[in-house]
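What you see is a predicted model; the values in this text were computed from it and never measured. Order of appearance sets the numbers: ligands from 1, and atoms from 1 within every ligand.
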Amino acid sequence: MIVYVNGSFVSEEEAKVSVFDHGFLYGDGVFEGIKAYNGRIFALDEHVDRFFESAQSIQLLLPLSRNEMKKAILETVRRNNLKDAYIRPVASRGKGALGLDPRSCPKATVVIIVDAEIRHPEDTGGASLSQKGIKVITTTFRRNGPDVLSPRIKSTNYLNNILAKLQANAVGVQDAIFLNEQGFVCELTGDNLFIVKNSRVLTPPLWFGILDGVTRRVVLRIAKEMRLETTEEPLTLHDLYTSDECFCTATRIEVVSIVWVDGRQIGSGAPGPVTVQITKRFLDLANREGAPIFE
Ligand code: PXG
């Protein structure tokens with residue numbers, strides 16, 4: 001694999017970041033997860049915009065413009081000769097002194113990694129899991145609120161999420177649901193959450209403390225196109241437990257049905273009709289729209 005590191009394209013073996021990089025030392029950085037389908041990068045603008053917003057929020061000055069970033073992403077995929085890829089841009093504070101102060105880091109590190117194999121992280125039990133739906137629990141860890149570390153920042157500091165993932169692992173389910181400080185449902189460890197109730201598509205609002213997921217936005221758009229009523233409103237565990245359908249969304253896994261929450265079967269225990277329709281339309285869109293890689 002060819003990796004982009006600070007303006008150069010190098011082999012995976014040659015790709016190096018300093019052990020003094022504050023991204024490594026303190027988790028001081030931001031990242032994105034983007035996907036290419038069939039020779040096109042889906043929602044490239046949205047991802048690059050969010051990348052720059054995450055950087056702006058943590059006062060990280062990126063050494064390239066949005067346009068240059070887009071070009072670098074397209075070029076990295078092109079150099080790897082991939083039509084379908086998972087793309088991971090990462091920017092960290094850069095090399096500095098042993099101390100938290102970002103002022104010792106004169107230049108941010110920018111890396112773009114691509115992966116040809118699109119594995120579903122939840123699919124530890126085989127590829128059929130995403131078709132069958134996944135089981136999840138509610139984690140005892142609260143989602144870090146905007147007053148601690150805004151979930152709107154896609155930061156390289158995912159320990160909150162990893163702690164929740166460890167809890168899911170410990171009981172042998174695929175993922176965990178975060179509640180916020182008030183006990184309202186937020187999202188999963190790396191996915192946004194939706195429920196379907198009486199043909200209405202519901203998802204928690206952004207201000208509850210969730211990532212502004214690109215897939216979430218697309219799914220809301222698709223649901224509206226399907227003439228389904230959609231709302232971003234407060235959801236409790238009761239709403240989840242009594243939903244007709246439940247699903248999660250993220251770039252990597254797209255749309256995955258949730259069929260079991262904290263011991264309760266959701267709906268029929270299999271992906272419901274609305275989830276299946278939305279998934280179909282999402283894949284259709286993702287395979288049609290996007291920035292062409294080889295033009
Ligand atoms: N919520 C959180 C907390 C996330 O980290 C999403 C929702 C979904 O957002 P998008 O824009 O992808 O629809 C994410 C995103 C990975 C990976 O390796 C992905 C995320 C986080 C960590 C790792 O694919 N996702």
Enquirer: May I ask you to check whether Asp101 and Ser104 show a side-chain donor-acceptor distance below 3.5 Å?
Expert: no
Enquirer: Hey, are the side chains of Asp28 and Thr156 touching, using non-hydrogen atoms and a 4.5 Å cut-off?
Expert: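 The answer is no, as the side chains (C-beta and beyond) never meet within the 4.5 Å cut-off.
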Enquirer: Are side-chain N/O atoms of Ser199 and Glu229 paired as donor and acceptor at under 3.5 Å?
Expert: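 The criterion, which ignores hydrogens and geometry beyond distance, is not satisfied for Glu229 and Ser199.
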Enquirer: Check if Thr189 has a non-hydrogen atom at a distance under 4.0 Å from any atom of ligand 1.
Expert: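 Flag set, Thr189 near ligand 1.
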Enquirer: Under a 4.0 Å heavy-atom limit, does Phe178 contact ligand 1 with its side chain, its backbone, both, or neither?
Expert: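 It is neither part, as no heavy atom is under 4.0 Å.
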Enquirer: Does Arg143 have a non-hydrogen atom less than 4.0 Å from ligand 1?
Expert: yes
Enquirer: Quick one: which ligand 1 atoms are inside 4.0 Å of a heavy atom on Ala250?
Expert: 8 (C), 12 (O), 13 (O)
Enquirer: Give a yes/no on ligand 1: does Arg50 have at least one heavy atom closer than 4.0 angstrom to it?
Expert: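 Right, Arg50 reaches ligand 1.
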Enquirer: Does Leu211 approach ligand 1 within less than 4.0 angstrom via side chain, backbone, both or neither, non-hydrogen atoms only?
Expert: side chain
Enquirer: If the contact criterion is a heavy-atom separation under 4.0 Å, does Arg217 count as touching ligand 1?
Expert: no
Enquirer: Restricting to ring-ring contact (aromatic ring centres under 6.0 Å, His included), what partner residues turn up for Tyr26, sequence neighbours left out?
Expert: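 Counting only residues at least two positions away or on another chain, Tyr26 forms a ring-ring contact (aromatic ring centres under 6.0 Å, His included) with His22.
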Enquirer: Does the side chain of Phe208 reach to within under 4.5 Å of the side chain of Phe178, using non-hydrogen atoms?
Expert: no
